[in-house]
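Nothing here was measured: the structure is a model prediction, and the numbers come from that model. Note that ligands are numbered from 1 as they come in the structure, with each ligand's atoms numbered from 1 the same way.
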Amino acid sequence: MAACSAPGKIILFGEHAVVFGKPALALAIDLRVRASLSVSDQYAVNGHPMRPKLHSYISAALDETWNGPPVRISTWSSIPSGSGLGSSAAVTVSSVGAMLTEKGECDVATLAKKAFEVEFRVQKRASPTDTSTSAHGKGVLVSPEQGDGFLWRISKGQQVWNVHHCEVPDLKFVVGYTGVRAATGPLVDSVRVLLDADKDRREDLDRIGDIVLQGVDAVRRADKPALGRLMLENHGLLNNLGVGHPMLDKLVAACEESAYGAKLTGAGGGGSMIALTDDPERTSAAIRRAGGKAIVVSVGCEGARLES
Ligand code: MEV
């Protein structure tokens, strides 16, 4: 039997814009998925016969990675699915990790590349941000240019993403989960449709790209007031791109008094927001009063790891 676990993530800056060639900064969190694999007489997931439509990521992971006999895969997750916290990426990375380990081929760059191919296959359009953050852990900057801390490069068609390690200082975040599940693929596609229809929205993408670079500097300085301001601006720009939700705005507004700043994280359309705070208890209480589920997360956590 081979087993692997992988973390979820929050995107601090740059979601959606990164799919269209801008940079993004993401941090691994202390919520994880564990996947184990053993050879069997039929393909099964969590005790049920595998159904490619229902088990889309695991089925695509097998197509991408596995050419051995039928296997049984079991997963365990502490990441709410459809919450914007990278649960699909963590399922993908942990499953691919278990498959590569069983084949004796598991290195982290191969894992990140294969996991991206799987997510792309299922979602039809994706950047490697979620999968590379889940594979590497800690902090990850994805950008069109190669710079300090370079880890690996992933490309698809014309698009090239350079993945970099980013040091993460001691920052405290509270996640506010709206309880509204949202699938990433259709949201990414809706942004593409909007960008095709309204060329002015390209300016929002450009500004998000600038925010990411300023955000990387602010993270290096651990400048929380600057990070908070940039988060609020990034949130407004994501609303302009049509991926907001009234509940996300309500949770972001609820954190105004106790947090440096807040924004939606991940694909949006529901899912989750994050708030940067020195007082996680007060911010959690504000999120709960506004109707969200508060989860205090640690950031900069370990990436994919083999499990016994
Ligand atoms: C989803 O967590 C992040 C998006 O930017 C999609 C992607 O990068 O693949 C919305």
Side-chain angles (χ1 to χ4, degrees), residues 6-29 31 33 56-57 60 79-93 112-136 139-144 154-157 159-164 173 175 177-178 180-195 201 204-205 208-209 211-212 215 231 234-235 237-245 248 263-274 297 299:
K9 60 85 200 40
I10 55 173
I11 297 187
L12 187 49
F13 301 111
E15 51 272 270
H16 286 289
V18 67
V19 179
F20 302 93
K22 302 294 172 189
L25 177 60
L27 311 175
I29 57 175
L31 301 176
V33 173
S56 48
Y57 289 92
I79 311 173
S81 81
S83 63
L85 299 177
S87 86
S88 312
V91 165
T92 304
V93 169
K113 287 175 187 177
K114 287 206 177 291
F116 165 70
E117 290 298 332
V118 170
E119 236 192 21
F120 193 92
R121 209 187 266 224
V122 176
Q123 288 171 199
K124 312 285 184 265
R125 199 174 266 270
S127 81
T129 310
D130 294 12
T131 38
S132 278
T133 305
S134 187
H136 176 67
V140 163
L141 170 67
V142 178
S143 82
I154 293 182
S155 52
K156 189 61 117 186
Q159 210 80 268
V160 177
W161 295 277
N162 293 286
V163 178
H164 304 82
F173 289 93
V175 170
Y177 178 36
T178 59
V180 180
R181 290 181 57 162
T184 302
L187 283 157
V188 171
D189 205 47
S190 72
V191 174
R192 182 191 58 76
V193 170
L194 182 73
L195 290 171
R201 296 278 78 87
D204 293 329
L205 282 197
I208 291 175
I211 286 176
V212 176
M231 288 168 76
N234 196 166
H235 181 75
L237 292 163
L238 287 163
N239 272 336
N240 292 354
L241 293 178
V243 296
H245 187 280
L248 286 167
K263 65 179 274 292
L264 76 81
T265 190
S272 299
M273 48 71 73
I274 48 172
V297 291
V299 293

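- Crowding of R181 atom CZ: a count of heavy atoms from other residues, nucleotides or ligands under 6.0 Å not exceeding 12.
- A donor-acceptor contact shorter than 3.5 Å is absent between the side chain of E119 and the backbone of T131.
- Distance from atom 5 (O) of ligand 1 to its nearest protein heavy atom, with residue and atom name: H16 N, 2.8 Å.
- Counting the atoms of ligand 1 from 1 in the order shown, those under 4.0 Å from a heavy atom of A126 are 9 (O).
- Looking only at protein heavy atoms, the nearest one to atom 3 (C) of ligand 1 is I11 CD1, 3.6 Å.
- Ranking protein heavy atoms by distance to atom 8 (O) of ligand 1, first place goes to S127 OG, 2.6 Å.
- Residue V18 approaches ligand 1 through these ligand atoms, each under 4.0 Å from one of its heavy atoms: 5 (O), 8 (O).
- The nearest heavy-atom contact from the protein to atom 2 (O) of ligand 1 is D130 OD2, 2.7 Å.
- Counting only distance, with no hydrogens or angles, the side chain of Q123 and the backbone of G185 share no donor-acceptor pair below 3.5 Å.
- Heavy-atom proximity to E15, at under 4.0 Å, picks out these atoms of ligand 1: 5 (O).
- For E15 and K263, the salt-bridge test passes: some basic side-chain N is under 4.0 Å from an acidic carboxylate O.
- At distances below 3.5 Å, not a single donor-acceptor pair connects side-chain atoms of K22 with backbone N or O atoms of H16.
- Here the side chain of T178 pairs a donor or acceptor atom with the backbone of G271 at under 3.5 angstrom.
- By the 4.0 Å heavy-atom criterion, K9 is counted among the residues contacting ligand 1.
- No side-chain donor-acceptor contact under 3.5 Å links S134 to the backbone of D130.
- Which of L85, V19, I10 comes nearest to atom 6 (C) of ligand 1 through a heavy atom is settled by distance: it is V19.
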